[in-house]
Amino acid sequence: MQFHHYGYVSGDPRVQPAAGVGLDRPEELPDEVDVLIVGTGPAGMITAAQLSQFPDVTTRIVERRGGRLEIGQADGIQARTVETFQAFGFAGRIIEEAYRITEMCFWRPDPADPSRIVRGERPADDPTGISEFPHLIVNQARVLDYFAEVMANSPSRMKPDYGYEFRSLEVTEGAEYPVTVNLVRTKGEDVGQEKVVRAKYVLGADGARSGVRQSIGCTMEGDQAFHAWGVMDVLAVTDFPDIRTKCAIQSGSGGNILLIPREGGYLFRMYVDLGVVPPDDHGAVRKTSIEQIIAKANEIMRPYTLDVRDVAWHSVYEVGHRVTDRFDDVPLDEIGTRSPRVFIAGDACHTHSAKAGQGMNVSMQDGFNLGWKLGYVLSGRSPESLLATYSAERQVIAQNLIDFDKEWSTLMAKKPEEFADPAELADFYVRTAEFPFGFMTQYPPSMLVAEPTYQELATGFPVGKRFKSAPVVRVADANPLHLGHQHRADGRWRVYAFADGVPGEASALTEWAEWMAGSPDSPVLAHTPEGADLDSILDVKVIYQQKHVDVDITKVPELFLPRSGPFQLIDYEKVFATHPEDDIFDLRGIDRVAGCVVVVRPDQYVAAVLPLDATEELAAFFRQHLLVQNRQPVA
Ligand code: FAD
């Protein structure tokens, strides 16, 4: 964490100095805003947290509930999400309070007596080390709390506006604030009173029954209702030996349970299968009582028993596999003719079973994808055309998720005798782990993702996939750390230069650094406004292939030691060397002879891998989506 460069900070350095709209933020919801977000679920809160880092953008987030979510809903946090939390600065704290999944146990009917269950496979949760971060379980309410804290500590001092319900919206093209939104007060003295807010952009993050989705004419395609699960968060006494391990339990009678131990050491969640919901059910399944859910759990777990002492929360969770055809208000036949004004994210666009633990995770990745794009367009860094990439990138991901979830939930609902091999379920879980963990997302070439023409220069950083971190050593202070963890969700692009030669000697790297710092075509100069710190849009770092003691910091090109803040202090945290045991050049397949440039988007996806001498291609890549600002060369 870097601070003090604007003057001495004596308090919590996580609280950034207020700036821009954060200096005199009105308590009351204003009549005009840049972005209005509807819904404080994971999709809305991550988008708001990201936009809070853009103090020249007025963002407000409204919620019909009177206050924070207190209990219930999703709890599975995939490793990709923990990586994202790292970028927002709270991975360490949430890991500490969460339950960590290390393995999963599969229970099934005892072949000798199918009325009893026995333990089968016990695979490790992440046997191949897809991420350095763990797979966690923690309540959705806590995740939302952390995002609220990020917003409150941001330069814009943002906080949710509770007690406003979205009713309708209308788009009038050409107006300065084209989206007129009608809200109604749901708490306080003015309950029932209408409020009209005009916005430049609106995000509907208002969940599965999204009113924003309806208002832009998007429909959900897929199974209406598929399967119902009784969900309960309980404190109980049991003789079941794996009660503190994640389990998939299948009984001889065909019933099944997904057991999720929860944070804190005692609480656990059970998803108890209530079966397929027939079309003429008319909501009857939702009346299933907690007593019935507990009785069913006891039946499935035989010979073990469950004596529930306290029910913290329960619900009947009934979802279909459904996805919208687009994530914004531009109909498919009008794509490219106009820019979107209204977006939808999270459950408003896709719903799926809880079994793969995806609901909250994919919703947050939607918001992470959209937040910085809105910030760039509204702060004048990018053209409006950038916004069309949101629906183009995320709709495909949602469709892939629905397809995966159908396969997984069909398998989980199978009766024991229907499996060709009793280990089929466990095998599928292990074989396909990368998908639910959130690491199969690969964005195709677009204005934000280059063609993978030079992929062989860095085979471990697939273009379009998330930047997989690796250890390095910071040269200035010999600190071993993870390169990817330095990437904060501050809206900046990262440009990593992997050096070809020896530090201090002429090489392709030194030529590249000279061009970046001095040529008017250089993306750093072309796209950084005059007067702003050199790294305020593109954060450029170098990684040498030598050990840190062999890098003479006085011979490192100035580009990597930029001046920052009002005192024009030297930033020493952009120069790295290899880690003695885990060499990033080996781990990520980087060409030691040629070196390379790896460009990473603000949402942590690899946008380009280029040779060090492909300066024109680098400049052209950024020109596609960043507006020209023309900063003067480094003095
Ligand atoms: P949500 O978290 O649903 O957030 C939407 C927000 O919008 C809510 O705060 C809502 O109050 C607000 N809102 C809605 N309409 C309006 C309006 N008109 N005006 C203003 N505000 C509005 N997933 C799992 O993986 N496992 C589970 O066990 C599980 N259980 C769930 C139980 C319930 C009762 C619910 C509702 C969801 C559950 N989910 C579960 C789904 C998971 O919580 C979602 O996938 C995830 O929260 C999606 O995030 P989101 O931000 O898109 O939507």
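Below, all heavy atoms of this structure are taken into account, side chains as well, without hydrogens, waters or symmetry copies. For ligands, and for the atoms within them, numbers begin at 1 and follow the listed sequence. The structure displayed is predicted, hence computed values, not measured ones.
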Separation between NE2 of His487 and CD of Glu83, rounded to the nearest 0.5 Å: 11.0 Å
So how far is it from Arg309 CZ to Thr238 OG1, rounded to the nearest 0.5 Å? 10.5 Å
Heavy atoms only, cut-off 4.0 Å: how does Arg209 contact ligand 1, side chain, backbone, both, or neither? neither
Just say parallel, tilted or perpendicular for the rings of Tyr390 and Phe343, cut-offs at 30° and 60°. perpendicular
Would you please determine whether Trp313 falls within less than 4.0 Å of ligand 1 on a heavy-atom basis? yes
Any heavy atom of Tyr164 sitting closer than 4.0 Å to ligand 1? yes
Closest candidate by heavy atom, reference atom 3 (O) of ligand 1, pool Gly207, Pro42, Pro160: Gly207
Please round to the nearest 0.5 Å and tell me the distance separating atom CZ of Arg394 and atom OG1 of Thr324. 12.0 Å
Please check whether Ala208 reaches ligand 1 - meaning an N/O of the residue sits under 3.5 Å from an N/O of the ligand, judged on distance alone. no
Would you mind telling me if ligand 1 is within reach of the side chain of Ala205, the backbone, both or neither, using heavy atoms under 4.0 Å? backbone
Could you tell me if Arg488 sits above the aromatic ring of Phe88, with its cationic atom closer than 6.0 Å to the ring centre and no more than 45 degrees from the axis? no
Find the distance between CD1 (Ile137) and CD (Glu263) and round it off to the nearest 0.5 Å. 8.5 Å
In Å and rounded to the nearest 0.5 Å, what is the CE to OG1 distance from Met220 to Thr351? 4.0 Å
Which of the atoms of ligand 1 are close to Tyr271, meaning less than 4.0 Å from one of its heavy atoms? 24 (C), 26 (N), 27 (C), 28 (O)
Can you tell which of Ala74, Ser168, Gly39 gets a heavy atom nearest to atom 42 (C) of ligand 1? Ala74
Out of Met364, His314, Gln73, the nearest non-hydrogen contact to atom 35 (C) of ligand 1 is supplied by Gln73
Can a non-hydrogen atom of Arg269 be found less than 4.0 Å from any atom of ligand 1? yes
Distance, nearest 0.5 Å, that separates OG1 of Thr389 from CG of Leu387: 7.0 Å
Regarding atom 2 (O) of ligand 1: of the candidates Arg65, Gln140, Arg68, Arg64, which has the closest heavy atom? Gln140
Parallel, tilted or perpendicular: which one describes the rings of Tyr376 and Phe54, with boundaries at 30° and 60°? perpendicular
Consider every N or O of Gly346 and every N or O of ligand 1, then say whether any pair is closer than 3.5 Å. no
Please name all residues satisfying side-chain hydrogen bond (donor to acceptor under 3.5 Å, both in side chains) with Asp145, sequence neighbours left out, ordered by chain then number. Arg68, Arg142
Any heavy atom of Gly76 closer to ligand 1 than 4.0 angstrom? no
Which is it for Glu165 and ligand 1 at heavy atoms under 4.0 Å: side chain, backbone, both or neither? both
Polar atom proximity, Asp75 to ligand 1 (N or O, under 3.5 Å): no
Kindly confirm or rule out an N or O of Gln358 lying under 3.5 angstrom from an N or O of ligand 1. no
Could you tell me whether Arg341 sits above the aromatic face of Tyr201, with NZ or CZ closer than 6.0 angstrom to the six-membered ring centre and within 45 degrees of the axis? yes
Please verify whether a non-hydrogen atom of Gly211 lies at under 4.0 Å from ligand 1. no
What pairs with Asn369 under side-chain hydrogen bond (donor to acceptor under 3.5 Å, both in side chains), at least two apart in sequence or on another chain? Lys373, Glu393, Tyr443
Candidate with minimal heavy-atom separation from atom 6 (C) of ligand 1, of Glu63, Gln214, Met45: Glu63
Answer yes or no: does an N/O atom from Ser315 fall short of 3.5 Å to an N/O atom of ligand 1? no
Answer side chain, backbone, both or neither: which part of Phe166 comes under 4.0 Å from ligand 1, heavy atoms only. both
